[in-house]
Each structure stands twice: as C-alpha cells, then as structure tokens.
**Student:** 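The structure is given below, and queries will be raised subsequently.
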Amino acid sequence: MNLKKHTIGPIRRVGLVDLFRGRPGRPPWDLLALTKMVAQPTATPQAIVGWSRLKSNIICSLYQGRSGCASHILAIKLMRAYAARGKPDVTRKVFDKIPERNNVICNVMIRSYVNNHFYKDAILMYKSTLACGVTPDHYTLPCVLKACSSMDNLRFGVQIHCPAVKKGLDLTLFTGNGLIAMYGKCGNLVEARRVFDEMPQRDIVSWNSMVAGYAQNGRFDEALEVCKEMDSLGVKPDSGTMASLAPAVTNTSAENVMFVKKIFSDMAKDELVAWNVMIAMYANNSMSSEAIGLYTQMEAHGIEPDAITIASVLPACGDLSAVSLGKRIHEYIEIKKLRPNLSVENALIDMYAKCGCLQDARKVFDEMQIKDVISWTSMMSAYGRSGKGEQAVDLFSKMQDLGIIPDSIAFVSILSACSHAGLLEEGRNYYKLMIEEYKIVPRLEHSTCMVDILGRAGKVDEANIHIKQMSMEPNDRVWGALLSACHVYNNMDIGVIAADRLFQLAPQQSGYYVLLSNIYAKAGRWKDVTLFRSIMKGRGVKKIPAVSNVELDDHVHTFLAGDRSHPQMEEIYLELDILLGKMKEAGYVPKTDTALHDVEEEEKENHLVVHSEKLAIVFAIINSEPRVPIRVTKNLRVCEDCHIAIKFISKITERQIIVRDTNRYHHFENGVCSCGDYW
DNA sequence: TTCTCGTCCC
C-alpha cells in the first residue's frame, strides 16, 4: 500500500475522524488499513512516523463523547501495533487515554509488556487492573504467569494460582499450561506435575512444558522419561518438544542424541525451530561436522536460517576452522540484515577467533553498536589464544573503563590469556582482583589457569602450593596443568605426584600417561616408559588418535598420524620428502626426545615425520595457491618437533601457517611462531 | 492467549 494515498495532513485527519463519527459501529476502513500496515514488520519508518503524527489526537477524538466497541477495536489495534514494534511505552500512552477499560484492553496492555520483556510492569499492571475491579480471565492469567516464570518469581506465581483455582481456571488448557511452565521454570517440579496430572485435558504444549521443566532443572532423565511417556500414549512430539528437550541434551550421551534425532526424523521438516534445535544439539555435543552438514541440508530444503540458526552453527564452523563457510554465513547475515544482534555478532567474533582470523574478529567487534560482557570476553580470549596477552590486558581495562562488570568467565579468559603469553605478574593481579574487588569465588577453571600461569613460568613448586590451598577438590584439568609444567621443566618429583592423582581421576585419559612417559623418556628412563605402556594396555587405555583438519574449498579434510588413506597420499609423501630435505639443509634437526617409544633414533624420526599436522600442511601446500594462509586444526597439543618443523616450513614455502591445537593458536610466519615457543 | 532453540572460559 502506498502511504501517499493516505495523506496525513491536518485536514485529512479531521476527515477521518468525521468519517468515523458518521458511521457509528464501524471504524473507518482506511484508518484500519493504515493501522494494519503499521503493525506489519515491513512497515517503513515513514509509515510509523505518519502514524505517530496521527495518534496524538486520534484517540482523544475517537472517544469524544462516546465509548463503544468500534473505538475499542481501533484502540486495541493501535496498541498492538506499537507493542509489535517494541514500543510498550507508547502502547501505555494509548492505554492511558482510553476512558473505559474492559478486561480485553487490560489484557492487551499486559501482553504488550510481557512480549517486550517488561515483566515487572506487566505484574504492576495486573495488580492495578485488579484494583480497578477488572476481573482476570483465561486470557489474563497465562500471560501474567509467563511474566512470573520469566522473572523466576515463584511467590507471585503462587498468588496467581489461588484465584485461578477459585474460578476453576487452573483446569483450563491455557492457564493450566501456564501454571506448569511457571512452576517448572521456578523449580517446583512437584507442583508442576500435580497441575499437569489434574488437568482434565492436555495438549502438546502441556507435555512440552513438563519436558521443559525437567530439562531446565537439570533433571534430564525425567525429561526424557516424559518424552517416552508421550510416545507411549500416542502423543506426537513436535518441534516444541525438541526445543524443550534441548537443555537436556548438551554434552550428553550418544544414545540421547540418537533419541532426539529420531524425533526429528519422524517429523515434518518444515519448521525452523526443529532444524535449529538439531543443529544446536550437534554443535553442543562435539558433532560439528554433523551440525554443518545439517545446516547445508536445511539450505537445500529451502528453509531460511534465522539468527538462532546462525548463532548455533557458527561455533561448529569455528570448531572445524571452516572459515570459508563461516565467511559465507557472514555474508548471509549482512544480506538478511541479521545484525545488529548480540548473539550473532558474538558468535561471529568467536568463529573468526577460532579460525585464527584475528583481524576479522576485531572488525566485527569494532563495528558492534552494543557490546556486552560476552563480546569483550570473546575478543579477549581471541587475543589470548593467539598469544597476544597484552592486547587482552588492554581490552580488559577498556572494558572496566566502560563500566562493564567482568563475570567469572571473563576472568577465565583474561587469566588464560596471561598464561598463554607468560604474563605472570598480571595473572597474579587479576586473580587477586577477581576475589577481592569483584567477590567472585574462584572456580576450578580459574585454578587451572593459575596453575598454568605459575607452571609455565617455571614456578612449579608455587603451582603445587596453589593446588594445596584450593578450597575445592582439584579435578584432572588442574593436575593436568601441573603435570604439563613438570613435563616442560623436567620436574620428576612433582610430576609423579600429579600423575598419581591423574591416574585415579582420569584413568582413561591417555594424554596424561603420555606426558608422564615423556618425562621419563627425557630422563632416559626407558624402563619406566615401557612399564607405563604396559599399564596403559592393562587398563585398556587407548591413545586418542591424533587428527588434523584442514579446510579446502568449503570441504574439511581429515588426516590421522601415519595416514595413508587419502587419495592424494603418494603425492603428499613425495612432497613431504622433498620438503624434509630442504628443511634439513636449512638446519632442521628432528627433536626426538619427546617421542613415546624406546626405539632407535632413526625410527623415532619416522614416527615424527608422519604426524597428522605435517600431512595436513603438505596437503594444503600442494592443493592451494601460493601465499594463501594454511589453517590446520588439531585435536591434541602440537608436539615440540612439529612446532620446530612448521617454523622451517613457513620460511621455506613462504606461507603463513596457522595451527590450532587444544590449547591455543600458533601463527607461523617466516620461521617464527607467535607463541614465542612458549606453550 | 500457553511451551521451546543461540553467543564467552576449561
């Protein structure tokens, strides 16, 4: 519709109102059309402005000397239009001008507040309507209950329950569902279940609310149980069921993932939410390739991704260093104008950071109109992982200057940045600041960072003391950090203590056996190394196979150590041989003392040559244009020999090589690594 | 009218 046809000059305005007056019982059709247009998400700013100019007089005129159904219809439309555009304050202005209010108008006002997350105002409005003698009905209560659950306000929720029972509304579908959701969200699952059980009729939302209640409170088995109960009663789960279940299936068993996958596969694939939940579930269960695969399928299905899809799939791109897909998604965000959106932008920063594209991450960060503590944290950890501790420290003070309060995770980020950059004093200060200024109780993650900071700086004894002074029981990561320090600084005494604890806490983690074996290997105690290998075998511990990923043309290629399965393998090994020759000419000496096995030097050298990251890098060299940076992601820490070797490779081939291991980033360029050989 | 999905650290 063209706004020009509805000129909104003063003359026309009087005309409209006159038209209305002349036809009691019917609102002027073109005004209604205008209202509808303003309510559309596609309404232009001009339309809104035009409408605003109308609104100041229109309501007064409408109600002049009359009150009636027609005036109410128009007023309600106007209120809804403003609420839909996120302006509950303007809605309220319209509301205040209405002389006689019935419960429909009050309901609309309350809902405007709730839908715009103004929960306190919604509850205040509810109270004042009660005071005015307007009685709440089966439209009012679900809405007010939603406000209670969003605020975690169990006390007021219970106060709603009483009048609901008096009127028998608790047995109606919508109010009953609202009660279940409220009790569930507020953690009173017994009461939620009671309401659920007493409802004479239930629908899919009742079931979903019940599932959500258990899932949100960490009672995952019960959430799954309710799903199975539905199934046995022939109630078909829908996309809402999947969404409700989502909190229950992050970091969960393969079995649970399969369960949700089954629900998804039995369902019509036309609902965005279902896809979003599936993608998020894959991403949250370290199934990044599956997440990306499903995203591609979704596009093929013609379903348009929204901001939530994007925020769910980007971490998977980051995880696999799939930067070309990440960039494509970035373009999509710009095309669909999904920015500004905090979650999307924060996810973008993280994706670029994990792909080693610091500048791109920083660009997104700088362009953001509003930044929250997560944005700052993401950017700090981006610098941290790349060994740019000073920049992280710099950001931390800027964040403080802006009055943004760092939370527990922000401190994990900055501490971890300090550890990667070897900033011992800064790390100590931040730890102190966190406890003394911000009154944050240190979590295991903070201690892990502190042990890491102390340990990497060679203060192995002090790190050991830190562990002894912890108020919480140290976990395997804390001991693992200490063991790594012992490995770097050849501290066998403390290393054995740490390893001893680790073998109790995480007997299946091969990495720790390898570290301790390597400490023995460095000391030439091959008997102990052999002993450990037999202990590992005896306990059924398997070495996690080293895997390196490298992206080429939107496709992720995976290499195992000693891999010969890749179709281009012959070419890769040939090229590797040539490269090795050049490297040795340039002064490369394989560093063999960290190899686990007690074998002859030459044989050890062969083991090292075929480490997965070397294969991945050579593959990328063969298949990509000169000077294009190579990005490799590894599932374990990069070993000392590979680190030395890649420095040579970066110089010989004049390539930037960016390797991400489990701990951090290594930007290799012209024979130098960004970590300064400190990792 | 009611339910439900996303971002940072280890």
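The basis for the numbers below is simple: all heavy atoms, side chains too, and nothing from hydrogens, waters or symmetry mates. Proteins come first, then strands; the chains are lettered A, B, ... in the order of their sequence lines, and each starts at number 1.
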**Student:** Name the nucleic acid region contacted by A:D476, choosing base, sugar-phosphate or nothing; use a 4.0 angstrom heavy-atom cut-off, strictly under.
**Tutor:**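 Touches nothing.
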**Student:** What does A:T377 touch in the nucleic acid at a heavy-atom separation under 4.0 angstrom: a base, only the sugar-phosphate, or nothing?
**Tutor:**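 The residue A:T377 makes base contact.
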**Student:** A:Q216 side chain N/O closer than 4.0 Å to the phosphate oxygens (OP1, OP2) of B:dT4?
**Tutor:**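 For B:dT4, OP1 or OP2 has a side-chain N or O of A:Q216 closer than 4.0 Å.
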**Student:** Between B:dC10 and A:S416, is there an OP1 or OP2 to side-chain N/O distance shorter than 4.0 Å?
**Tutor:**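 Indeed, a polar side-chain atom of A:S416 lies that close.
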**Student:** Distance check: side-chain N/O of A:K146 vs OP1/OP2 of B:dT1, anything under 4.0 Å?
**Tutor:**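 No, no such contact exists.
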**Student:** I want to check one thing: is the phosphate of B:dC5, taken as OP1 and OP2, less than 4.0 Å away from some side-chain N or O of A:S312?
**Tutor:**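 Result: no.
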**Student:** How many whole angstroms separate atom OH of A:Y295 from atom C1' of B:dG6?
**Tutor:**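 Roughly 13 Å, once rounded to whole Å.
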**Student:** In whole Å, I'd like the distance from the CE atom of A:M230 to the C1' atom of B:dC3.
**Tutor:**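 Value for this atom pair: 11 Å.
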**Student:** Within the structure shown, what part of the strands sits under 4.0 Å from A:D350 by heavy-atom distance: base, sugar-phosphate, or nothing?
**Tutor:**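 It contacts sugar-phosphate atoms only.
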**Student:** Students often get this wrong, so: under 4.0 angstrom with heavy atoms, is A:S239 touching a base, only sugar-phosphate, or nothing?
**Tutor:**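 The residue A:S239 makes base contact.
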**Student:** Does B:dC9 have OP1 or OP2 sitting under 4.0 Å from an N or O in the side chain of A:R385?
**Tutor:**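 Checking A:R385 against B:dC9: at least one side-chain N or O falls below 4.0 Å of OP1 or OP2.
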**Student:** Yes or no on side-chain contact (heavy atoms from CB on, under 4.5 Å) for A:S484 and A:W479, after CA distance, side-chain angles and deciding distance?
**Tutor:** CA-CA 9 Å; A:S484 304; A:W479 288 112; over 6 Å; no
**Student:** Give A:H138 one of three labels, base, sugar-phosphate or nothing, depending on what nucleic acid heavy atoms sit under 4.0 Å from its own.
**Tutor:**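 Result for A:H138 = base.
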